[in-house]
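Here's a structure for you.
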Amino acid sequence: MILETIEMLNPAQREAVEQTEGPILILAGAGSGKTRVLTTRIGYLMKEKKVKAENILAITFTNKAANEMRERVDETLNDEDTSAMWITTFHSCCVRILRKSINKIGYNRSFVIYDSSDQVTLVKDCLRELNYSEKAMDPKYIISVISNAKDKLINPKQFREKYKNDFSKSKIADVYALYQDRLKRNSALDFDDLISKTVELFREHEDVLDFYRNRFRYIMVDEYQDTSRAQYELVRLLAQGHQNICVVGDDDQSIYGWRGADIRNILEFERDYDDVHVIKLEQNYRSTQIILDAANYLIKNNIERKRKKLWSEKKEGELIKIQLAETEVDEAEFVANTISTMVRTGERSYKDFAVLYRANAQARPVEDALNRAQIPYNIYGGTKFYERKEIKDMVAYLRVIQNPQDDISLKRIINVPRRGIGLRTIEKIEDRASLKEESLYSVLIDIDGNSDISRKAKASINGFVDIMSTFRSLKQIYPASKMIEKVMDITGYLDELEKDKSEESQDRIENLKEFISVAMEFESKNEDTSLEAFLTNVALTSEPNEEEEHADRVSLMTIHSAKGLEFPVVFLTGMEEKLFPIARAIASMQDTQIEEERRLCYVGITRAKEELFMTMTGKRTLYGRTNHSVASRFIEELPDDCVERLNKVQKEISYSKASYNMLDKYTKKYMNTVNKAEMAKKANATIKQKTDIADLDNIKLGSKIHHPKFGTGTVVAVKGPDITIAFDNQGIKTINKEYTTIDVIK
DNA sequence: TCTGGATCGCTTTTT
DNA sequence: GCGATCCAGA
């Protein structure tokens with residue numbers, strides 16, 4: 001069975017499956033069948049190499065990917081028990097490890113997990129405690145700095161040391177230290193902690209690390225280009241020793257740099273491990289050759305990448321169609337009309353189409369047009385189930401029941417529904433708690449001994465403590481679903497919603513019912529049905545169950561969320577400078593940011609199997625302002641023979657200058673904050689990095705060359721088919737000789 | 001404690 | 001253009 005499956009693979013895929021020992025880097029281009037390779041590899045390990053399920057660890061980024069992989073592994077290994085195999089996300093993997101041993105680094109094993117809004121609340125509390133004003137220090141910014149530090153495994157102490165000469169960063173260091181302290185006191189971890197605390201645990205307790213090293217003899221990491229430094233280190237620690245580490249990724253699809261993904265992890269894998277096998281999966285099973293040509297041609301404009309060239313056995317296919325519309329309304333109408341026509345003629349059904357955009361704000365006019373044309377659609381993004389107020393309230397109750405030390409959750413629900421415990425009272429409780437270095441809940445328990453709180457407030461507090469302790473004893477006998485019901489009932493939360501006949505309240509009741517059934521489903525599917533397990537599941541999930549995937553509807557989503565998906569027909573909308581690439585990336589004047597935008601465009605293009613439309617407007621109203629549009633540089637970067645311009649899309653050649661002049665006040669202001677020194681450093685780093693020199697044909701180091709687009713320049717590095725050239729006027733670029741004709745100047 | 005008007009700010013998002 | 005958030009005042 002498994003050998004037959006392997007027979008069907010192409011040589012590169014096959015090598016990736018059969019090379020089971022030692023470090024392997026699989027560079028898997030878009031649509032090259034990497035999930036298939038990974039699942040077959042796991043099957044091969046078990047069937048042919050007789051590796052036990054429990055010795056295999058497969059890590060993904062999303063629950064969706066993990067579930068999908070588990071399903072497909074079970075399909076491949078229909079008669080084997082794979083339950084001991086860990087196929088999980090980074091975060092679940094770490095939670096599992098931490099729940100077992102985090103007490104060794106001084107945390108409570110029944111910690112709760114804080115999401116981003118809990119982080120905001122906690123940082124605001126910290127700011128207040130430090131007497132720093134929220135105005136001067138934006139909590140969201142502080143969180144991003146802290147999160148960044150954690151991704152790089154920089155703890156508060158190291159952070160303070162690192163920025164001791166930087167005034168504003170020193171202030172953030174204070175917040176970071178307090179924040180971390182408060183998390184610990186609340187028995188809480190944030191998402192970043194899940195990773196960094198696991199690394200800390202491994203570093204400080206060799207016995208724990210040894211245990212897992214021994215257990216996970218074969219490690220596979222999917223979407224390796226999205227790993228952060230902390231995740232990288234985690235994997236490195238586990239793989240050290242046996243070195244059976246297989247990472248799969250595509251540097252060209254790295255689009256999460258802004259949330260800590262460090263592209264160096266993939267670019268430097270070969271340096272970090274010894275005797276790395278590099279396997280490139282370049283055969284694409286998804287798209288037509290035209291689409292792949294366009295994608296290849298576009299992405300070669302990026303300097304920092306591993307060379308790959310996708311090819312397909314599929315025929316050439318349809319040209320990429322570019323449409324210029326007058327406004328975003330016309331653009332949306334064009335999309336709707338095209339879909340309508342193709343469905344009417346029976347060529348396509350609705351589910352064959354995806355409308356992709358750079359920013360969620362672009363969805364509105366598309367929705368309107370689809371509604372007018374009565375086209376069914378699904379829109380992805382927007383408020384998540386677990387972010388809804390009523391759900392967060394319930395979760396907060398459950399958390400406090402589970403872990404009374406959780407001050408953040410306690411404050412959320414202490415007066416919800418209203419029970420006469422106002423801000424003043426809470427402040428007094430907080431003061432007392434911080435004085436005694438105790439949790440809020442322990443102050444509440446003996447509130448009677450507190451002199452400066454009114455009798456009325458004390459009565460309310462005692463009432464609250466009473467119901468909470470009732471819940472805590474009910475927890476012993478009831479599963480989570482029943483607990484939610486009890487909380488809704490006993491606290492009067494449901495009553496209050498039912499009294500209010502507004503549509504909003506009715507929706508909330510519906511959502512709470514949904515939440516109960518989510519809990520029931522969880523209980524029927526899992527062995528561990530404890531409240532703690534349920535809360536962990538909730539924290540690590542954004543949507544409870546993805547249904548309706550097979551409905552015949554058009555999909556609307558950002559390009560980011562389309563990653564990993566494919567559609568017969570794709571519309572890439574808003575192909576305009578300042579929208580795509582987004583204004584901030586242009587304004588930053590940093591190549592890395594434009595390159596990430598370009599990769600995003602690459603991801604968008606490679607979602608299409610058969611037909612690709614790109615649309616842009618002449619003028620666009622966004623965020624209440626109307627601006628003239630300039631064609632995206634990414635349109636200009638496509639090869640002419642892959643493209644058909646449906647109407648007169650003007651060829652804007654001087655896009656960079658034009659768009660710079662058109663930058664609005666907001667962008668220019670942002671631009672001023674860009675650190676010039678950093679840019680210079682970046683330029684130097686690029687030169688230094690390319691020192692691997694090979695003498696190839698007549699182009700060598702120091703050669704003067706002429707490029708049709710970028711003019712004259714000097715070769716500063718040669719690596720395989722790539723040559724890096726310092727152009728006289730266009731800066732440094734790496735170019736693949738296979739794509740461009742370059743003249744050598746004597 | 002609640003309210004309504006002013007003000008802000010605005011890319012992407014999973015865990 | 002629009003929603004979230006803030007803050008003054010009842």
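Residue numbers begin at 1 in each chain, while the letters A, B, ... track the order of the sequences.
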Enumerate the residue pairs fulfilling salt bridge (charged side-chain N to carboxylate O under 4.0 Å, His left out) with a member in residues 417-426 of chain A, sequence neighbours excluded, ordered by first and then second residue.
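For residues 417-426 of chain A, and leaving out neighbouring residues, the salt bridge (charged side-chain N to carboxylate O under 4.0 Å, His left out) pairs sorted by first residue read Arg424(A)-Glu427(A).
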Report the distance from atom CD1 of Ile414(A) to atom P of dT1(B), rounded to the nearest whole Å.
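Whole-Å distance recorded here is 11 Å.
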To the nearest Å, give me how far apart CE (Met557(A)) and P (dT11(B)) are.
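Atom-to-atom, Met557(A) to dT11(B), this comes out as 21 Å.
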Have a look at Glu597(A) and say if it touches a base, only the backbone sugar-phosphate, or nothing, with a 4.0 Å heavy-atom cut-off.
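Base contact - Glu597(A) has a heavy atom under 4.0 Å of at least one base atom.
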Can you measure Ile426(A) atom CD1 to dT1(B) atom P for me and round it to whole angstrom units?
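The answer, rounded to whole Å, is 8 Å.
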Salt bridge present between Asp190(A) and Lys150(A) (N-O < 4.0 angstrom)
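Salt bridge present between Asp190(A) and Lys150(A).
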By the 4.0 Å heavy-atom rule, please label Asn360(A) as base, sugar-phosphate, or nothing.
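If one applies the 4.0 Å heavy-atom cut-off, Asn360(A) turns out to touch the sugar-phosphate alone, with no base involved.
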What pairs of nitrogen or oxygen atoms, one from the protein and one from nucleotides 2-4 of chain B, lie under 3.5 Å apart?
from   : atom 1 : to        : atom 2 : distance (Å)
dC2(B) : OP1    : Arg418(A) : NE     : 2.7
dC2(B) : OP1    : Arg418(A) : NH1    : 2.3
dC2(B) : OP1    : Arg418(A) : NH2    : 3.1
dC2(B) : OP2    : Arg418(A) : NE     : 3.1

From dT14(B), dT15(B), dT11(B), pick the nucleotide closest to the side chain of Lys384(A)?
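Within the option list, the nearest is dT14(B).
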Under 4.0 Å, heavy atoms only, any strand: does Leu540(A) hit a base, just the sugar-phosphate, or nothing?
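Contact class for Leu540(A): sugar-phosphate only.
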Side chain of Asn63(A) only, please: which of dT11(B), dT15(B), dT14(B) is the nearest?
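Nearest nucleotide to the side chain: dT15(B).
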Position toward the 5' end of DNA chain B (nearest nucleotide), Ala585(A) or Gly420(A)
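Counting from the 5' end, the first nearest nucleotide belongs to Gly420(A).
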Excluding sequence neighbours, so at least two apart, what forms side-chain contact (heavy atoms from CB on, under 4.5 Å) with Ala533(A)?
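Checked Ala533(A) against side-chain contact (heavy atoms from CB on, under 4.5 Å); matches are Phe522(A), Asp528(A), Ser530(A).
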Under a 4.0 Å threshold between the charged nitrogen and the carboxylate oxygen, would Asp118(A) count as salt-bridged to Lys392(A)?
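Result for this pair is yes, salt bridge flagged.
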Once base and sugar-phosphate atoms are separated, protein heavy atoms under 4.0 Å mark nucleotides 1-10 of chain C, 5' to 3', with B, S and - as B----SS---
Base, sugar-phosphate, or nothing: which does Gly422(A) touch, judged by heavy atoms less than 4.0 Å apart?
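The answer is sugar-phosphate, as Gly422(A) gets under 4.0 Å only of primed atoms, P, OP1 or OP2.
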Go through the structure and list residues passing ring pair (Phe, Tyr, Trp, His ring centres under 6.0 Å) with Tyr224(A), not counting sequence neighbours.
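Partners of Tyr224(A) under the ring pair (Phe, Tyr, Trp, His ring centres under 6.0 Å) test: Phe269(A).
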I'd like to know whether the aromatic ring centres of Tyr132(A) and Tyr179(A) sit less than 6.0 Å apart in this structure.
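No: the rings miss the under 6.0 Å criterion.
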Counterpart residues, side-chain contact (heavy atoms from CB on, under 4.5 Å), relative to Glu595(A) (two or more places apart):
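Residues passing side-chain contact (heavy atoms from CB on, under 4.5 Å) with Glu595(A): Asn302(A), Ile303(A), Glu304(A), Arg598(A), Arg599(A).
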When you check the gap from the basic side-chain N to the acidic O, do Lys499(A) and Glu496(A) get nearer than 4.0 Å?
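So Lys499(A) does not pair with Glu496(A) through a salt bridge.
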In chain order, what residues pass the ring pair (Phe, Tyr, Trp, His ring centres under 6.0 Å) check against Phe580(A), with sequence neighbours excluded?
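Ring pair (Phe, Tyr, Trp, His ring centres under 6.0 Å) check on Phe580(A) returns Phe634(A).
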Taking only the side-chain heavy atoms of Ile582(A) (C-beta and beyond), determine which of dT14(B), dT11(B), dT13(B) contains the nearest atom.
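The listed nucleotide nearest to Ile582(A)'s side chain is dT11(B).
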For Ile559(A) and dT14(B), give me the distance from atom CD1 to atom P, rounded to whole Å.
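Those two atoms, CD1 and P, are 15 Å apart.
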To the nearest Å, how far apart are Arg584(A) CZ and dC10(B) C1'?
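Nearest whole value for this atom pair: 9 Å.
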List for me each residue that meets side-chain contact (heavy atoms from CB on, under 4.5 Å) alongside Ile379(A), sequence neighbours excluded, and say none if there are none.
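Residues passing side-chain contact (heavy atoms from CB on, under 4.5 Å) with Ile379(A): Tyr357(A), Ala363(A), Glu367(A), Tyr377(A), Leu556(A).
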When the distance from CZ of Arg259(A) to P of dT13(B) is rounded to whole Å, what number comes out?
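That distance rounds to 9 Å.
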With a non-hydrogen cut-off below 4.0 angstrom, is Leu194(A) in contact with a base, only sugar-phosphate, or nothing?
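If one applies the 4.0 Å heavy-atom cut-off, Leu194(A) turns out to touch nothing in the nucleic acid.
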Between C1' on dT11(B) and CZ on Arg620(A), what's the gap in Å once rounded to a whole number?
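The answer, rounded to whole Å, is 14 Å.
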Need to verify one output field. Residue with the more 5' nearest nucleotide on DNA chain B, Ile421(A) or Thr541(A)?
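Mapping each residue to its closest nucleotide by heavy atoms, the 5'-most match is Ile421(A).
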What is the nucleic acid contact for Asp192(A), judged by heavy atoms within less than 4.0 Å: base, sugar-phosphate only, or nothing?
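No contact.
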For the P atoms, the ones on dT5(C) and on dT12(B), what distance do you get once it is rounded to whole angstrom?
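That atom pair is separated by 16 Å.
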With sugar-phosphate meaning primed atoms plus P, OP1 and OP2, does Ser561(A) contact a base, only sugar-phosphate, or nothing at under 4.0 Å between heavy atoms?
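Ser561(A): backbone/sugar contact only, no base atoms under 4.0 Å.
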CD1 of Ile586(A) versus P of dT11(B): gap in Å, rounded?
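It works out to 13 Å between those atoms.
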Base, sugar-phosphate or nothing for Asn415(A)? Non-hydrogen atoms, less than 4.0 Å.
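Since only primed, P, OP1 and OP2 atoms lie under 4.0 Å of Asn415(A), the category is sugar-phosphate.
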Sequence neighbours excluded, which residues qualify as ring pair (Phe, Tyr, Trp, His ring centres under 6.0 Å) partners of Tyr176(A)?
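So Tyr176(A) forms a ring pair (Phe, Tyr, Trp, His ring centres under 6.0 Å) with Phe159(A).
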Has Phe90(A) got its ring stacked on dT15(B), by the test of a centre gap below 5.5 Å and a plane angle below 30°?
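It does not: the two rings, one from Phe90(A) and one from dT15(B), miss the stacking criterion.
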Hey, does Phe191(A) reach any base, or is it just sugar-phosphate, or nothing, if we go heavy atoms under 4.0 Å?
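Base, at least one base atom sits under 4.0 Å.
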